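Just so you know, these numbers come straight off a predicted model, no measurement behind them. In what follows, chains carry the letters A, B, and so on, assigned in the order in which the sequence lines appear, proteins first and then strands, with residues in each chain numbered from 1.
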There are 2 protein chains.
Amino acid sequence: MTGRSMPVPARRRRRDGEARRESELDAALDIFSTTGLHGASLDQIAERAGLSKTNLLYYFPSKEALYLAVLRRVLAVWLDPLQSLDAGSEPAAAFRSYVRAKLTLSRDAPQASRLFCLEIVQGAPLLRPELEGPLRDLVEAKAAIIRDWSAAGRIGPHDPHHLIFSIWAITQHYADFAVQVEAVTGRNLDDPDFFERTVASTQALILAGLGLR
Amino acid sequence: MTGRSMPVPARRRRRDGEARRESELDAALDIFSTTGLHGASLDQIAERAGLSKTNLLYYFPSKEALYLAVLRRVLAVWLDPLQSLDAGSEPAAAFRSYVRAKLTLSRDAPQASRLFCLEIVQGAPLLRPELEGPLRDLVEAKAAIIRDWSAAGRIGPHDPHHLIFSIWAITQHYADFAVQVEAVTGRNLDDPDFFERTVASTQALILAGLGLR
DNA sequence: GTCTATATCGGGATAGAC
DNA sequence: GTCTATCCCGATATAGAC
């Protein structure tokens, strides 16, 4: 028992623990998003994270718990941009920046988008409560703002739900269906020129649909 | 060895065989589309198809072969509506009917849409050749038509690829993300009223984007 | 063609030493 | 906290009787 075997200060330990946990979640996101929950093995994830399977199960009680932890982290990031649709904004500018923010996420965090997509397509067995609670509430709040803009004549009439779905669908398509986009166009969002064209094209479509410009 | 044990006429046998195969593929589509390739078990599929697992493996050499057979059948149906974008049509009418056809498919064959989505999101390990071949060619042909319409001033300027992607993304969203749509709106495409509103909303968005009406 | 039985294997999870 | 060894179950696939 020497001084060197004594525990390090608590704050340092916690910071290390959080960094470790983050890197494990990153590895799990990598694997889960390309093979799904059932297609992925703990061995793969552990290898990518640089530890043993047993060790991974020391930090997470089960495979499903790990999956769920990844999923929750994804959802938080994924909904964030919608916050920027603010009642005080100019509608055209607000939609333009929302479209850009979502496409930026599709470019920079495509795996998060894909994992979310996989979960929803399979019926959201684990995420359904989050959809019917927080997500629904957030969408309703933003739909109210859009409805107000419409009532005030600042944008043309358009069902807020369908409008939001359309923006989600288009922007996430470039992450979720990236291989198809690449098969057809030979390009993806990592190409700066293609990215800017995609942003401009989507903004134009949405704004035209709202009767703006 | 009585006459009754003799083989039935070949045509009858083949028709029965095709019906049996179809019902097996239907069952497989059901299961694969809700759990993915790895999440599905042959037992589940066999049970839904009304035969034993052993028997199923008598007709299909392996699980993956069954999966691939389902996938190919899906792709054919899925691309079909795009054929209707014909150079001889009136652009506005052509897009309107294409949007309706795609949303009808999302309503009537949501599982096909979801299976296709699952495969693409995971990188299309089995379907990539089809994407880079037939699908790419079909899209290019239709993009040329759209480009001609644009050059002739019959529709506003819009990148054909992005336009097609947007239509795909929006229309398939209502099948692939149905649980999310339901969580937010409490409705789905099986509701006739909701279906018609979705069609109208999507048509309006696309046509506005093209500068039509 | 359909059944029962079984070989075989991958992978999630646990035990226990260190 | 990390390792080795192992248990155990579900699932694909095959063998062989009928």
Side-chain angles (χ1 to χ4, degrees), chain A residues 1-25 27-28 30-32 34-71 125-126, chain B residues 1-25 27-28 30-32 34-71 125-126:
Chain A
M1 294 264 186
T2 74
R4 291 177 58 220
S5 67
M6 295 295 286
V8 288
R11 185 186 307 163
R12 168 75 188 290
R13 270 229 312 285
R14 180 146 58 83
R15 206 164 51 225
D16 285 358
E18 280 165 10
R20 171 196 50 71
R21 187 185 161 89
E22 285 301 304
S23 91
E24 284 157 7
L25 289 176
D30 271 16
I31 306 295
F32 281 139
T34 56
T35 7
L37 169 60
H38 301 288
S41 82
L42 288 176
D43 267 321
Q44 287 177 289
I45 296 170
E47 187 186 4
R48 167 125 353 169
L51 58 139
S52 70
K53 176 176 65 169
T54 324
N55 218 333
L56 187 58
L57 282 170
Y58 171 80
Y59 292 111
F60 294 90
S62 70
K63 183 188 186 181
E64 200 172 89
L66 172 58
Y67 178 77
L68 201 54
V70 176
L71 214 49
L126 294 167
Chain B
M1 293 262 187
T2 74
R4 291 177 59 220
S5 68
M6 294 295 284
V8 288
R11 189 186 306 163
R12 167 77 188 288
R13 272 228 313 282
R14 180 145 58 85
R15 208 165 49 226
D16 286 359
E18 280 165 9
R20 174 197 46 72
R21 187 185 161 89
E22 285 300 305
S23 92
E24 285 157 6
L25 290 177
D30 271 18
I31 307 295
F32 281 139
T34 56
T35 5
L37 168 60
H38 301 288
S41 82
L42 288 176
D43 265 322
Q44 287 177 290
I45 296 170
E47 187 185 5
R48 166 123 356 165
L51 63 151
S52 70
K53 176 176 64 171
T54 324
N55 218 334
L56 188 59
L57 282 170
Y58 172 78
Y59 292 111
F60 294 90
S62 72
K63 182 187 187 182
E64 200 174 270
L66 172 59
Y67 178 76
L68 201 53
V70 176
L71 213 49
L126 294 167

(message) Below the 4.0 Å mark, does D:dC3 have OP1 or OP2 next to a side-chain nitrogen or oxygen of A:Y58?
(response) no

(message) Looking at A:S23 and A:R20, would you say the former's side chain and the latter's main chain have a donor-acceptor pair under 3.5 Å?
(response) yes

(message) Just the rounded figure in Å: distance from P of C:dG10 to CG of B:L42.
(response) 17 Å

(message) At less than 4.0 Å, is any side-chain N or O atom of A:N55 found next to OP1 or OP2 of D:dG1? Yes or no.
(response) no

(request) Could you work out which one of D:dA15, C:dT14, C:dA13 sits closest to the side chain of A:T54? (result) C:dT14

(message) Main chain of A:F32, side chain of A:T35: is a donor-acceptor contact present, judged purely on distance under 3.5 Å?
(response) no

(request) Using a cut-off of 6.0 Å, state whether more than 12 heavy atoms not belonging to B:E22 lie near its atom CD. (result) yes

(request) In whole angstrom, give the distance that lies between atom CG of A:L37 and atom P of C:dG11. (result) 14 Å

(message) By the 4.0 Å heavy-atom rule, please label A:L57 as base, sugar-phosphate, or nothing.
(response) base

(request) Using atom NE2 of A:H38 as one end and atom C1' of D:dT12 as the other, report the distance to the nearest whole Å. (result) 17 Å

(request) For C:dT2, take OP1 and OP2 only and decide whether either is under 4.0 Å from a side-chain N or O of B:Y59. (result) yes

(request) Nearest 0.5 Å please: distance from the CG atom of B:D43 over to the CD1 atom of B:I31. (result) 11.0 Å

(request) Take atom CD of B:E64 and atom P of D:dA11, then tell me their distance rounded to the nearest Å. (result) 18 Å

(message) Measure CZ/B:F32 against C1'/D:dT12 and give the value in whole Å, please.
(response) 12 Å

(request) Identify, residue by residue, the members of residues 46-53 of chain A with a heavy atom below 4.0 Å from DNA chain D, and return them in order of residue number, or none. (result) A:S52

(request) Would you mind reading off the distance between A:D43 atom CG and D:dA5 atom C1', rounded to a whole angstrom? (result) 14 Å

(request) Assign A:A65 to base, sugar-phosphate, or nothing according to its heavy-atom contacts below 4.0 angstrom with the strands shown. (result) nothing

(message) Would you say CZ of A:R21 has more than 12 non-hydrogen atoms from neighbouring residues, nucleotides or ligands within 6.0 angstrom?
(response) no

(message) For A:E47, is there any backbone N or O sitting under 3.5 Å from a side-chain donor or acceptor partner on A:K53?
(response) no

(message) I want to verify a distance call: between C:dG11, C:dA13, D:dT12, whose nearest atom is closest to the B:K63 side chain?
(response) D:dT12

(request) Give one of base, sugar-phosphate or nothing for B:F60, where a contact means two heavy atoms less than 4.0 Å apart. (result) nothing

(request) For A:L56 and C:dG11, give me the distance from atom CG to atom P, rounded to whole Å. (result) 15 Å

(message) With a 3.5 Å distance limit and no angle check, can you tell me whether B:K63 reaches the backbone of B:A40 through a side-chain donor-acceptor pair?
(response) yes

